[in-house]
Undergrad: 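Okay, here's the structure, questions in a sec.
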Amino acid sequence: MAESSTESTQPAASRRPRNERSLYPREHGASMELLFPLLSAFALGAPTLAGIALAISVILVFVSHEAVLVLLGRRGEAFRRERGAEARRMVLAMLIPASLLGLGALLWLSSAARLAVIVPFVLAIPAWIVALRGESQRTLPVELWVGTALASVALPVALDAGLSPERAIALVLVWAVSHGLGTVAARAVLYRAKDGGRGLVVARVASLVLALVCVGTTVAGTSMGSSLAWVAITPLPWAICALYLASRPPPPTRMSAIGYGLVGASLVSTALVLGLPW
């Protein structure tokens, strides 16, 4: 009771009221899942204005995600009353240019890239349905699905930048697999107290299997003369990072180590994507 009384007399600024919470996306890992595949696609090909417009359009929609949920009351009715007007302005500021850029991109994309836009659009539908219904977005299946949908945005961008369909699909797959393994490892560390450490065992096995598949596929493919096989080695940094996190999970006071580790794995994988002869 003493603590409650003390808290109630504290100034609003020291208690971090709801109106101080950000309207920007909370899922920083999801931002990485969207940006790194796009950057890889641009770096591997010759970026076009249509591809850049499409990428910016998707990024704006992604940034508006939290504000949309606030307007729909998915963050609580009190929060919507306090921040609804601000959230509405933010949604309009994001979605109006996103719509214009998206429409322009669809008009100017190459025919192959325009057709490929269907892939991320279809993959995004279940994720938005879950979000709009207010269902939990923090389950493993939903997080894996969202990661794949975000990575798939690079497909039309890569095709419009001049990559062959095989290279564009391979690029999306390696990022989807990499981020999927990162999601498994991060959840294993975060929820190790709840599941008794079973997730850590799964993460270790998955990372070891992926590492073997990466090396084996690359060796087998290149021995048969396939330069495309080199791309199979690019998820290896994620396998190593996931194995380390699952084997030596950081304490609760150093959970930012997960983020730093996964960003580092993304940077190394990007360097491999750009530097390997695939």
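Heavy atoms only: backbone and side chains are in, while hydrogens, waters and symmetry mates are out.
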Undergrad: Any heavy-atom pair between the side chains of Leu171 and Pro37 that's under 4.5 Å?
TA: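 Of all side-chain heavy-atom pairs linking Leu171 with Pro37, none is under 4.5 Å.
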Undergrad: Identify the residue among Val231, Thr218, Ile233 that makes a side-chain contact (heavy atoms from CB on, under 4.5 Å) with Leu276.
TA: Ile233
Undergrad: Would you check if Cys241 and Leu245 make a side-chain contact, meaning some heavy-atom pair closer than 4.5 Å?
TA: yes
Undergrad: Say you draw a straight line from CG of Leu35 to CD of Glu33; how long is it, rounded to the nearest 0.5 Å?
TA: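 The distance works out to 10.5 Å.
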Undergrad: Hey, is the main chain of Ser269 close enough, under 3.5 Å, to the side chain of Thr234 for a donor-acceptor pair?
TA: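 No, Thr234 side chain to Ser269 backbone: no donor-acceptor pair under 3.5 Å.
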Undergrad: With a 4.5 Å cut-off on side-chain heavy atoms, are Trp238 and Val174 touching?
TA: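 A side-chain contact under 4.5 Å is absent here.
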Undergrad: When rounded to the nearest 0.5 angstrom, what distance separates CG in Leu228 from OG1 in Thr222?
TA: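 OG1 of Thr222 is found 11.5 Å from CG of Leu228.
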Undergrad: Distance check, rounded to the nearest 0.5 Å: Ser57 atom OG versus Leu103 atom CG?
TA: 9.5 Å
Undergrad: Are Tyr191 and Val205 connected into the same hydrophobic cluster when the rule is that any two of I, L, V, M, F, W, Y join if their side-chain heavy atoms are below 4.5 Å apart?
TA: no
Undergrad: Quick one: closest heavy-atom pair of Ala188 and Leu200, and the distance?
TA: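 In this case the closest contact between Ala188 and Leu200 is O-CD2, 3.5 Å.
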Undergrad: Does Leu39 reach the side chain of Thr270, with side-chain heavy atoms less than 4.5 Å apart?
TA: no
Undergrad: Where the side chain of Arg75 meets the backbone of Val70, is there a donor-acceptor pair that is under 3.5 Å apart?
TA: no
Undergrad: What residues form a salt bridge (charged side-chain N to carboxylate O under 4.0 Å, His left out) with Arg187, not counting sequence neighbours?
TA: Glu143
Undergrad: Tyr260, Tyr244: one ILVMFWY side-chain cluster at the under-4.5 Å cut-off?
TA: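 No, Tyr260 does not connect to Tyr244 through the hydrophobic network.
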Undergrad: Ignoring hydrogens, what is the shortest heavy-atom contact between Ala246 and Pro249? Give both atom names and the distance.
TA: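 Nearest pair, atom of Ala246 first, then Pro249: O-CD, 3.8 Å.
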Undergrad: What do the steps show when you test Phe42 against Ile52 for side chain to side chain contact (heavy atoms under 4.5 Å, CB included), and what is the final call?
TA: CA-CA 9 Å; Phe42 284 131; Ile52 294 171; 3.9 Å; yes
Undergrad: Using a 4.5 Å cut-off on heavy atoms from C-beta on, say whether the side chain of Leu262 contacts that of His179.
TA: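 No, their side chains stay 4.5 Å or more apart.
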Undergrad: Taking all heavy atoms of Ala30 and all of Leu150, pick out the closest pair and write down the distance.
TA: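 Heavy atoms only, the tightest pair is O-CD1, 3.4 Å.
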Undergrad: Nearest 0.5 angstrom please: Ser207 OG to Leu243 CG, how far?
TA: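 Rounded to the nearest 0.5 Å, the OG-CG separation comes out at 4.0 Å.
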Undergrad: Looking at Ile258 and Ala186, what are the two nearest heavy atoms and their distance?
TA: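 So the minimum-distance heavy-atom pair works out to CG2-CB, 3.9 Å.
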Undergrad: Same cluster for Phe36 and Leu274 if Ile/Leu/Val/Met/Phe/Trp/Tyr side chains link at under 4.5 Å?
TA: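 Yes: a chain of side-chain contacts under 4.5 Å links Phe36 to Leu274.
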Undergrad: Scan Pro235, Ser40, Pro237 and name whichever one has a side-chain contact (heavy atoms from CB on, under 4.5 Å) with Leu272.
TA: Pro237
Undergrad: Please test Trp175 against Leu38 for side chain to side chain contact (heavy atoms under 4.5 Å, CB included), starting from the C-alpha separation and ending with a verdict.
TA: CA-CA 10 Å; Trp175 280 116; Leu38 285 174; over 6 Å; no
Undergrad: With rounding to the nearest 0.5 angstrom, report the CG to CG distance, Leu212 to Leu236.
TA: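 Reported to 0.5 Å precision, the distance equals 10.0 Å.
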Undergrad: About how many Å separate CZ of Arg88 and CG of Leu92, when rounded to the nearest 0.5 Å?
TA: 8.0 Å
Undergrad: Would you mind reporting whether Met94 and Phe62 have side-chain heavy atoms less than 4.5 Å apart?
TA: no
Undergrad: Are more than 12 heavy atoms from other residues, nucleotides or ligands located less than 6.0 Å from atom CG of Leu72?
TA: yes
Undergrad: Using side chain to side chain contact (heavy atoms under 4.5 Å, CB included), reason through Leu144 and Thr148 one step at a time and then give a plain yes or no.
TA: CA-CA 6 Å; Leu144 292 175; Thr148 302; 5.5 Å; no
Undergrad: Apply side chain to side chain contact (heavy atoms under 4.5 Å, CB included) to Val157 and Val58, showing your working.
TA: CA-CA 11 Å; Val157 171; Val58 173; over 6 Å; no
Undergrad: Any side-chain heavy-atom pair from Leu23 and Phe79 closer than 4.5 angstrom?
TA: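 Heavy-atom side-chain distance check passes, below 4.5 Å.
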Undergrad: Check whether Leu163 and Trp108 end up in the same hydrophobic cluster, where Ile, Leu, Val, Met, Phe, Trp and Tyr are linked by side-chain heavy atoms less than 4.5 Å apart.
TA: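 No, separate clusters.
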Undergrad: Would you mind checking if Arg89 and Glu86 are paired as a salt bridge, meaning a charged N to carboxylate O distance below 4.0 Å?
TA: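 The answer is no: the pair does not qualify as a salt bridge.
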Undergrad: Should Leu159 and Val172 be counted in the same cluster of Ile, Leu, Val, Met, Phe, Trp and Tyr side chains packed under 4.5 Å apart?
TA: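 Hydrophobic grouping puts Leu159 with Val172.
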Undergrad: Quick one: are Leu60 and Leu95 in side-chain contact, heavy atoms under 4.5 Å?
TA: no
Undergrad: If you look at every heavy atom in Met255 and Pro251, which pair is closest and at what distance?
TA: SD-O, 3.4 Å
Undergrad: Please report the shortest heavy-atom distance between Ala242 and Leu181, naming the atom on each side.
TA: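 Closest heavy-atom pair between Ala242 and Leu181: CB-CG, 3.8 Å.
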Undergrad: Give a yes or no on whether the backbone of Leu106 and the side-chain of Arg114 come within a donor-acceptor separation of less than 3.5 Å.
TA: yes
